[in-house]
Amino acid sequence: MPVHPISAEQKSLRMKRAIHLRFFAVFLMFIPLAAPAQNADLQKVLAEMDAASANFQSAQADFVWDQYTAVVQSHDYQKGTIAFRRVGGATEMIAHVKTENDQPAEKDVFYKSGELDFYQPALKQVTIFKAGGNIERYLTLGFGGSGKDLAATWNIAYQGTETIDGVETAKLDLTPKQVGGNNQFTHITIWVDPKRGISLKQQVFQESGDWRIALYSNIKMNSVPASAFTLQLAPGTQKIRK
């Protein structure tokens, strides 16, 4: 059979294919290593969170909450202070909203024993909601929760490290293991300092395209007095149960 000479263009094409195959082969060699490496990093973070959780008593911080509404492409900002404490095996939380979009807007939110109290001092009104059994899994996402509990409730994707306010944090993306129910979000991302078991940043993504970012700063550990976990109600405040 006659042998047809190979053109320079065909030689170039064959060479490119060979190079691509080599790179693809090298890439495949490293694929099996990627998952164990990520898993090892995640396990280290969870172990550090376990150790921090064992020593957690309370925490307080300043916060900025940024609520983005996709349909109108708007941001609402709230600023204030927040505190958490562990009582037995339960978690209590109290937040004092001081401003909304840089305007004075005092509101208090207090969680204890499955109830969420929303206090509006200007109206002298407290609205009390039954919070449901799953709220504490959100409260402890970055404030005293253990790595073991986190892994039991959430599917966790380790997304590397990021530095926030000079602190190296582990970025963890969480999706609930139990789907459906009252879940109104697709996933939650937290930036956690595993040595303290504290989130410096959280972002909740909702199915509607809305999202909420929480930033925490001036964090103080294990120094919040028990007296901080009560609502200071003005005389004549009305209580409404929902």
Side-chain angles (χ1 to χ4, degrees), residues 27 30-54 56 59 61-71 73-78 82 84 91 93 95 111 131-217 219 221:
F27 177 69
F30 285 96
I31 285 180
L33 300 178
Q38 184 189 68
N39 186 62
D41 289 333
L42 175 58
Q43 294 308 313
K44 180 182 177 183
V45 169
L46 297 180
E48 288 179 319
M49 291 179 67
D50 284 338
S53 177
F56 181 86
D62 296 335
F63 69 77
V64 178
W65 294 335
D66 174 9
Q67 177 67 54
Y68 174 74
T69 304
V71 68
Q73 297 184 356
S74 67
H75 292 262
D76 289 314
Y77 297 94
Q78 292 182 321
I82 194 166
F84 298 81
T91 299
M93 181 277 294
Y111 171 79
N134 290 327
I135 189 170
E136 288 199 30
R137 72 176 182 173
Y138 304 110
L139 294 180
T140 59
L141 275 179
F143 289 89
S146 70
K148 181 179 179 181
D149 289 342
L150 194 72
T153 308
W154 306 89
N155 296 308
I156 308 172
Y158 177 79
Q159 297 185 339
T161 61
E162 288 187 20
T163 300
I164 299 177
D165 290 339
V167 178
E168 185 178 272
T169 67
K171 184 179 179 182
L172 308 178
D173 192 68
L174 314 174
T175 54
K177 287 188 173 180
Q178 184 177 354
V179 297
N182 293 323
N183 293 332
Q184 297 178 349
F185 55 86
T186 56
H187 62 111
I188 299 174
T189 305
I190 64 173
W191 288 255
V192 63
D193 173 6
K195 292 181 173 60
R196 293 184 293 172
I198 295 295
S199 281
L200 276 68
K201 180 179 178 182
Q202 299 174 353
Q203 185 166 9
V204 177
F205 298 86
Q206 296 176 282
E207 293 180 354
S208 61
D210 299 351
W211 49 256
R212 182 186 183 96
I213 290 178
L215 294 171
Y216 299 103
S217 60
I219 298 170
M221 302 290 297

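Keep in mind it's a predicted model, so treat the numbers as computed, not measured. These numbers come from the heavy atoms of this one structure, side chains and all, not from hydrogens, waters or symmetry mates.
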Does Asp173 reach the main-chain N or O of Ala157 with its side chain, forming a donor-acceptor pair under 3.5 Å? no
Provide the closest heavy-atom pair for Ile164 versus Thr169 in the form atom of the first, atom of the second, distance. CD1-OG1, 4.1 Å
Taking atom CG of Asn39 and atom CD of Gln43, what is their separation to the nearest 0.5 Å? 5.0 Å
Evaluation steps, side-chain contact (heavy atoms from CB on, under 4.5 Å), between Trp65 and Ile82: CA-CA 11 Å; Trp65 294 335; Ile82 194 166; 4.1 Å; yes
Side chain proximity check, Leu150 to Leu46, heavy atoms < 4.5 angstrom: yes
Return the CE to CZ distance between Met221 and Phe56, rounded to the nearest 0.5 Å. 5.5 Å
Atom NE2 of His187 and atom CG of Leu172: how far apart are they, to the nearest 0.5 Å? 13.5 Å
Does any part of the side chain of Ser146, heavy atoms only, come nearer than 4.5 Å to the side chain of Met49, both counted from C-beta? no
Nearest 0.5 Å please: distance from the CZ atom of Phe185 over to the OG1 atom of Thr175. 9.0 Å
Evaluate the side-chain contact (heavy atoms from CB on, under 4.5 Å) criterion for residues Asp66 and Leu215: first the C-alpha distance (whole Å), next the side-chain angles of each, then the deciding distance (0.1 Å), finally the verdict. CA-CA 9 Å; Asp66 174 9; Leu215 294 171; over 6 Å; no
Looking at the rings of Tyr68 and Trp211, which for Trp means the six-membered one, are their centres under 6.0 Å apart? yes
For a quick test of reading the model, state the closest non-hydrogen atom pair linking Pro176 to Thr186 and the distance between them. CD-O, 4.3 Å
Asp193/Arg196 salt bridge by N-O under 4.0 Å criterion: yes
For a quick test of reading the model, state the closest non-hydrogen atom pair linking Gly147 to Asp50 and the distance between them. N-OD1, 2.8 Å
Determine yes or no for a side-chain-to-main-chain donor-acceptor pair under 3.5 angstrom, with Ser208 supplying the side chain and Asp210 the backbone. yes
Applying the side chain to side chain contact (heavy atoms under 4.5 Å, CB included) criterion to Trp191, which one of Glu162, Gln159, Gln202, Glu168 satisfies it? Glu162
Please check this pair: side chain of Gln203 against backbone of Ile190, looking for a donor-acceptor N/O pair closer than 3.5 Å. no
Shortest non-hydrogen pair, Ala170 vs Tyr158, comes out as CB-CE1, 4.2 Å
Yes or no on side-chain contact (heavy atoms from CB on, under 4.5 Å) for Leu174 and Thr189, after CA distance, side-chain angles and deciding distance? CA-CA 6 Å; Leu174 314 174; Thr189 305; over 6 Å; no
Closest heavy-atom contact between Phe143 and Ser199? CZ-O, 4.0 Å
On a heavy-atom basis, which atom in Lys177 and which in Ala152 lie closest, and how many Å separate them? CD-O, 3.5 Å
Take Asp76 and Gln78, measure what side-chain contact (heavy atoms from CB on, under 4.5 Å) needs, and give me the verdict at the end. CA-CA 7 Å; Asp76 289 314; Gln78 292 182 321; 6.0 Å; no
Assign the ring pair Phe63 / Tyr216 to parallel, tilted or perpendicular, where the plane angle (0 to 90°) is split at 30° and 60°. perpendicular
